[in-house]
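Nothing here was measured: the structure is a model prediction, and the numbers come from that model. Order of the sequence lines fixes the chain letters, A, B, ..., with proteins taken first and strands second; residue numbering starts at 1 for each chain.
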2 protein chains.
Amino acid sequence: MEKIKMNIGQAADLFKIMGDRTRLSMIAMMNRRECCVCDFTECFQMSQPAVSQHLKKLRTLGLINERKEGYWTYLSLNEDSPFYEMIPELIAVIPDIDAHISSLITSCSREDCC
Amino acid sequence: MEKIKMNIGQAADLFKIMGDRTRLSMIAMMNRRECCVCDFTECFQMSQPAVSQHLKKLRTLGLINERKEGYWTYLSLNEDSPFYEMIPELIAVIPDIDAHISSLITSCSREDCC
DNA sequence: CTGCTACATAAATGAATACTTATATGGTTG
DNA sequence: CAACCATATAAGTATTCATTTATGTAGCAG
C-alpha cells in the first residue's frame with residue numbers, strides 16, 4: 001500500500017468515480033471477488049464497449065488489477081492503490097449493499113464464465 | 001430520519017454529489033457546524049453564484065437545512081434525509097479529513113460572519 | 001493459416017457539469 | 001421610502017460524461 005497523503009481533491013476523485021451506478025456496482029462486486037468483463041456486461045445488461053470505458057476510468061485512477069487467463073481478463077481491486085483501504089469502508093456504509101450485490105451476482109451468474 | 005430503502009442508484013447519487021472537491025468540503029464543514037454561504041465563498045475563494053449553484057444541488061438531494069437569521073442564511077445537514085446517517089461515516093473514511101477541514105476553516109475565518 | 005472469442009480503442013453524439021457575468025429577490029438599515 | 005446586503009436565478013459557455021456504432025487486437029481452436 002502506497003503511503004500517499006491524500007487531499008480532499010483526491011478523495012473527491014474517488015467519490016466521483018463511485019458516483020455512477022454502474023461503476024459503484026463494479027467496485028462492490030470486485031470488493032467480493034475477481035470478476036471478468038463479461039460478468040459486468042451480463043449483470044448490467046450493458047454493451048461491452050460501455051463496460052470497457054468504465055473500466056478505463058477505474059484503471060486511470062489506479063483502482064484495479066488485471067490478470068489474463070485464457071480468453072478472459074480477470075479484474076480485481078488493486079492493493080497498491082492509495083484508495084484500496086478506503087473502498088471496503090465506503091462500500092460498507094451503503095445500506096443493504098450486500099443484498100443488492102448478491103442479487104446482482106446471482107441473477108446473472110453464468111456457468112461458462114467466472 | 002426517513003425509513004427509505006436505499007438502492008445502489010441512490011447511493012451512487014450521493015457519491016456523485018460528494019464527488020466534487022467544493023461540495024465535499026462543504027459537506028464536511030457542515031458535518032462540524034452550521035455554515036453560511038459567505039463562509040463558503042471565503043474558504044473556497046469562489047464566486048457567490050458558483051457556491052449557490054452547488055448549494056442548489058445539495059438542496060435538490062435533500063441534504064441540507066436552511067435557517068434564516070438577519071442578513072444570513074445558515075446551512076446545516078438535514079437530519080431527515082435518508083442520507084443523513086451515511087454522511088459522517090463516509091467523511092470519516094477520508095484520511096486526515098479533520099486536519100484538512102480545520103485548516104480550511106481557520107485559514108479563512110472571518111470575525112464579521114458566522 | 002482461418003475463424004472465433006474476449007476485450008480495447010476510436011469517433012461521434014447528446015446530456016450533464018462547473019463556472020462566469022448579469023440580473024432579480026427579499027429582508028434590513030437608516 | 002431608498003439604499004444596501006446576502007443570496008438566488010438566468011443565460012451563456014466550455015468541458016466532461018455516458019453511451020453507441022464501428023473497428024482493431026491478441027490469444028485460442030481447429
Determine whether a donor-acceptor pair (N or O, by modelled atom type, separation under 3.5 Å) exists between the side chain of A:Asn78 and the backbone of A:Gly62.
yes
Value for CD (A:Glu42) from SG (A:Cys36), rounded to nearest 0.5 Å, stands at 10.0 Å
Atom CG of A:Asp39 and atom C1' of C:dC7 are separated, to the nearest Å, by 13 Å
Please tabulate, one pair per line, each protein N/O and nucleotide N/O from nucleotides 22-29 of chain C that are separated by under 3.5 Å, including the distance.
none

For nucleotides 17-19 of chain C, list the nitrogen or oxygen atoms of the protein found under 3.5 Å from its nitrogen or oxygen atoms, one pair per line.
{"unit_1": "C:dT17", "atom_1": "OP1", "unit_2": "B:Lys16", "atom_2": "NZ", "d": "2.9"}
{"unit_1": "C:dA18", "atom_1": "OP1", "unit_2": "B:Asp20", "atom_2": "OD2", "d": "3.4"}
{"unit_1": "C:dA18", "atom_1": "OP1", "unit_2": "B:Arg23", "atom_2": "NH1", "d": "3.4"}
{"unit_1": "C:dA18", "atom_1": "OP1", "unit_2": "B:Arg23", "atom_2": "NH2", "d": "3.0"}
{"unit_1": "C:dA18", "atom_1": "OP2", "unit_2": "B:Arg23", "atom_2": "NH1", "d": "3.0"}
{"unit_1": "C:dA18", "atom_1": "OP2", "unit_2": "B:Lys57", "atom_2": "NZ", "d": "2.6"}
{"unit_1": "C:dC19", "atom_1": "OP2", "unit_2": "B:His54", "atom_2": "NE2", "d": "2.5"}

| said: A:Val93 vs B:Glu85, test: side chain to side chain contact (heavy atoms under 4.5 Å, CB included). Steps then yes/no. | reply: CA-CA 9 Å; A:Val93 172; B:Glu85 293 178 359; over 6 Å; no
Here the distance between atom C1' of D:dA18 and atom CG of A:Leu24, to the nearest Å, is 16 Å
Exercise for review: Check whether any side-chain N or O of B:Arg23 sits under 3.5 Å from a backbone N or O of B:Met18 as a donor-acceptor pair, and report yes or no.
Suggested key: no
Report which part of the nucleic acid B:Ser52 touches: base, sugar-phosphate, or nothing (heavy-atom distance under 4.0 Å, all strands). base
Strictly distance-based, threshold 3.5 Å: is any side-chain N or O of B:Gln10 a donor or acceptor partner for the main-chain N or O of B:Asn7? yes
Residues pairing under side-chain hydrogen bond (donor to acceptor under 3.5 Å, both in side chains) where one sits in residues 92-102 of chain A, two or more places apart or in two chains, turn out to be A:Arg32-A:Ser102
Of the candidates C:dT9, C:dC7, D:dT7, the side chain of A:Thr73 sits closest to C:dC7
Separation of D:dA8 atom C1' from B:Leu75 atom CG, nearest Å, is 12 Å
Rounded to whole Å, OH of A:Tyr74 lies from P of C:dA6 at a distance of 11 Å
Atom CD of B:Glu42 and atom C1' of D:dT7 are separated, to the nearest Å, by 16 Å
To the nearest angstrom, the CD-C1' distance between A:Glu66 and C:dT9 comes to 14 Å
Taking the side chain from B:Ser52 and the backbone from B:Pro49, do they hold a donor-acceptor pair closer than 3.5 Å? no
Interatomic distance, CD1@A:Ile101 vs CD1@B:Ile8, rounded to 0.5 Å, equals 4.0 Å
